[in-house]
Amino acid sequence: MNMGFGALMIGLALGLMAPSKQNQILKQMSWSVMIMVTGIMTYVGVMEKVGTMNYMTEQIANVGNPVLAALIMGLHMLD
């Protein structure tokens with residue numbers, strides 16, 4: 001089962017079991033964090049579809065040292 005679909009179904013079931021508590025819970029939620037996490041998940045998903053993750057994995061494997069590879073990529077991002 002898809003994790004997002006499962007989470008949606010659990011949230012729907014909990015919402016139907018206690019509809020009076022929904023307003024209180026929605027007011028307490030940190031919506032900025034929810035939007036940030038959703039954006040990061042979308043960004044990573046796009047990077048996987050385009051092939052960026054495989055490319056970066058290959059580049060790290062070619063360097064042989066993950067710490068050195070992270071340093072090189074970080075310096076490359078500054079250009």
Side-chain angles (χ1 to χ4, degrees):
M1 177 190 291
N2 185 346
M3 188 178 355
F5 181 73
L8 184 65
M9 290 298 109
I10 290 171
L12 180 63
L14 290 173
L16 291 174
M17 289 183 349
S20 62
K21 294 184 179 182
Q22 285 183 14
N23 288 337
Q24 296 169 353
I25 292 170
L26 289 176
K27 288 178 184 175
Q28 294 176 355
M29 291 178 82
S30 176
W31 289 101
S32 59
V33 173
M34 296 270 264
I35 291 171
M36 180 190 71
V37 169
T38 303
I40 290 172
M41 290 174 59
T42 303
Y43 183 65
V44 169
V46 169
M47 287 180 15
E48 285 179 349
K49 290 262 188 206
V50 174
T52 304
M53 299 301 236
N54 290 334
Y55 173 76
M56 295 305 290
T57 303
E58 291 171 8
Q59 295 304 315
I60 291 170
N62 288 340
V63 171
N65 183 344
V67 175
L68 182 60
L71 180 62
I72 292 170
M73 285 187 290
L75 292 174
H76 181 67
M77 298 290 277
L78 294 176
D79 290 340

Check whether any side-chain heavy atom of Thr38 lies under 4.5 Å from a side-chain heavy atom of Met41, and answer yes or no.
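A side-chain contact is absent here, since even the closest heavy-atom pair is not under 4.5 Å.
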
Counting only heavy atoms from other residues, nucleotides and ligands, does the tally under 6.0 Å from CE of Met47 exceed 12?
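Count over threshold, so yes.
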
Hey, quick one: are [X] and [Y] part of the same hydrophobic cluster, counting side-chain heavy atoms closer than 4.5 Å, chains of contacts allowed?
X	Y	result
Val37	Leu8	no
Tyr55	Ile60	yes
Ile40	Tyr43	yes
Ile10	Met17	yes

Looking at every heavy atom in both Gly4 and Asn2, which two are closest together, and how far apart are they?
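That would be N-OD1, 3.1 Å.
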
Measure the CD-CG distance between Gln22 and Leu16 for me, rounded to the nearest 0.5 Å.
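If I round to the nearest 0.5 Å, the distance is 7.5 Å.
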
